Amino acid sequence: MNGAVIPNTPIAVDFWRLRHCSHSRVFFLSHMHADHTAGLTSSWNTYKIYCSEVTRKLVIAKLGVNSDLVVGLPLDECLIINLDETGQETMTVTLVDANHCPGSVMFIFEGYFGKILYTGDCRFCDRFTSHSAIQGKLFDILYLDNTYCDPKCFFPSRTQATVNIMKIIRSHPECKVVIGLHNLGKEMLLHSIAVVLKTWIGVDPVRKETLELLEMPNVFTCEIDKVWIRVVKSNEITKKNIQHWNSNEPTIAILPTCLYIGATNPYANVENVFVVPYSDHSSFEELRKFVQSVKPRKIIPIVHKHRLSPGETINSRVNMNVFQSLMDSSPSSQYTVPRSVECFMTAEIQRATKQRVKATGKLCMRKTAKIKKPCGVVFPPDPETTETETDKSDVDVNESDRKSTVFKGTGDKEHGQDITKRNAVTSSSIKCGFADSESRGKSDVGSDSGEKDYSMVQRITGNEMNAVASSSSIKCVTAVSESGGKSNMGIESGEKDHGIAQQTFGDEQNSIVLRPLNLA
DNA sequence: GCGATCAGAT
DNA sequence: CACATCTGATCGC
């Protein structure tokens, strides 16, 4: 369980045990992974949950949380949130794409408590440090994704990892391929494989549903008998299953993970299993870069439960002293909790009045399942599915109890709810493909972040990856930075990598043709 | 019996 | 070993 209650504030992030956070009133969810939603279920009936639009969809669909209580916020906009009943005291929050999994965000909180950067889970990229909400600010606290906070944790960019995986698949032309993944994340790896190898990727219906929810290009099929590459849950990659699969036909398994770096690889002696370093978290070197750039006064690690490596006596990954020399040593400014906020934090729990049918994730998925589209040969999906869901929160939020956080600000009703944009940051739609001439020629191995992934793939696999570039005209909704000059965020940064989170695919026809299913 | 919570395993 | 899970035990309603 990787959440935090921020002391002396009504803020809780990725923390859902109300008994253990009786003063928390404003809840944020960084992304839809199980270790960040522990305790969040369909019976959540108290406070609003703030998250990205993508995470909102996932939380409602997978966990069955009352949609009235889930508020999807835009990225890159400075939004005002009330910290008491009346809006006397407020803070601002800015969501920044965390480059981790679809919908994942970092939160920047600014208020009477100072400035706090909460990374959630993230993979560092240069975009972080140049972001207008981060650059030039003095942060009092950095809540840091310390998953791989160990000098041993050194691994390639996701681009390089993608290329490595492609090579493994290519060098086993006679084998079927199973890729072990968790429920959410690494979708772009799958998409790259599909496009470069011109093949469908087999997935189970639950994953298919997720991919449709994320509006991924339709390169996925549930007809797993007809494909040669398919996805399974990572815990299905076992010795027993490998043997079973190979008793039918030659099969290799790929585990894209950095889990075993700096540790023992349990698959070291298992035949036909390839553990490929592919990380959705920052390497140690990337963490150093990030800290050096943010220069916080204090760092609080987000991940506490690391197991000890052999010979390790203390959990070194939670020791933030390794960053001491990169931090700001000036004393934190003192503050007191405003009286109205104090009242807010001790007030009675407000419960949502609307009763909801309780549902398990699976049940809920079945209920919300869209009508299956015929599985053709050309992607992306039909126009009907490319229509983005319009902002339901307009209605939902107004119906629900607004008391706790509504800011009845002036003017801007663009998102029609209890959040008001500050500083007149405007959003605009730009289109961008995957081609990224900017990064051409740079070395991309080692500590590089994932931000240049597609250009790298393009460079290495040549014409094939041009397919990626030309096929997916991606609409990036991005904010024009106040500082100017960095408006092409989609192109310069990691959005290409995990940007499916906030991007809409398939707003144009494209010409890539996958092999017919049976030719696998 | 069900949900919340946690320990343990992979 | 342990990314993010999943399973099973326990407790309380």
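Computed from a predicted model, the values in this text were never measured in an experiment. In what follows, chains carry the letters A, B, and so on, assigned in the order in which the sequence lines appear, proteins first and then strands, with residues in each chain numbered from 1. All values below were derived from every heavy atom in this structure, side-chain atoms included, with hydrogens, water molecules and symmetry-related copies excluded.
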Listed pairs, N/O of protein and of nucleotides 10-13 of chain C, under 3.5 Å:
none

| query | Would you say a side-chain N or O of A:H100 is under 4.0 Å from OP1 or OP2 of C:dA4? | reply | yes
| Does any non-hydrogen side-chain atom of A:L184 lie less than 4.5 Å from one of A:L214? | yes
| Any side-chain N or O of A:N183 less than 4.0 Å from the OP1 or OP2 oxygen of C:dT5? | yes
| Between A:D35 (CG) and C:dA4 (P), how many Å, whole number? | 4 Å
| field | Whole-Å gap separating P (C:dT5) and CE (A:M32) | value | 8 Å
| Any ion pair linking A:R123 and A:D280 (charged N to carboxylate O, less than 4.0 Å)? | no
| How are the rings of A:W44 and A:W16 set relative to one another: parallel (under 30°), tilted (30 to 60°) or perpendicular (over 60°)? | perpendicular
| Looking for any heavy atom pair under 4.0 Å, which part of the strands does A:T41 touch: base, sugar-phosphate only, or nothing? | sugar-phosphate
| Qualifying residues under ring pair (Phe, Tyr, Trp, His ring centres under 6.0 Å), relative to A:H172, sequence neighbours excluded | A:F274
| Which parts of residues 253-261 of chain A get close to DNA chain C, meaning a heavy atom less than 4.0 angstrom away? | A:T257, A:L259, A:Y260
| query | Separation of A:D150 atom CG from C:dC3 atom P, in whole Å? | reply | 12 Å
| said: Could you go through A:H33 and A:H182, starting from their C-alpha distance and side-chain angles, then the distance that decides it, and tell me whether this counts as side chain to side chain donor-acceptor pair (under 3.5 Å)? | reply: CA-CA 9 Å; A:H33 273 159; A:H182 291 301; over 6 Å; no
| query | Which part of the nucleic acid does A:H182 contact within heavy-atom distance under 4.0 Å: base, sugar-phosphate only, or nothing? | reply | base
| message | Expressed as a whole number of angstroms, how long is the span from A:L63:CG to C:dC6:C1'? | response | 15 Å
| task | Give the nucleotide from the list B:dT5, C:dC3, C:dT5 with an atom nearest to the side chain of A:H281. | result | C:dC3
| field | Between P of C:dA4 and CG of A:L181, the distance in whole Å | value | 13 Å
| Rounded to whole angstroms, how far apart are CG on A:N241 and C1' on B:dT10? | 12 Å
| said: If I take atom OH in residue A:Y278 and atom C1' in nucleotide C:dA4, what distance separates them, rounded to the nearest angstrom? | reply: 16 Å
| request: For a side-chain hydrogen bond (donor to acceptor under 3.5 Å, both in side chains) with A:N99, tell me which candidate from A:R127, A:R158, A:H281 qualifies. | output: A:R158
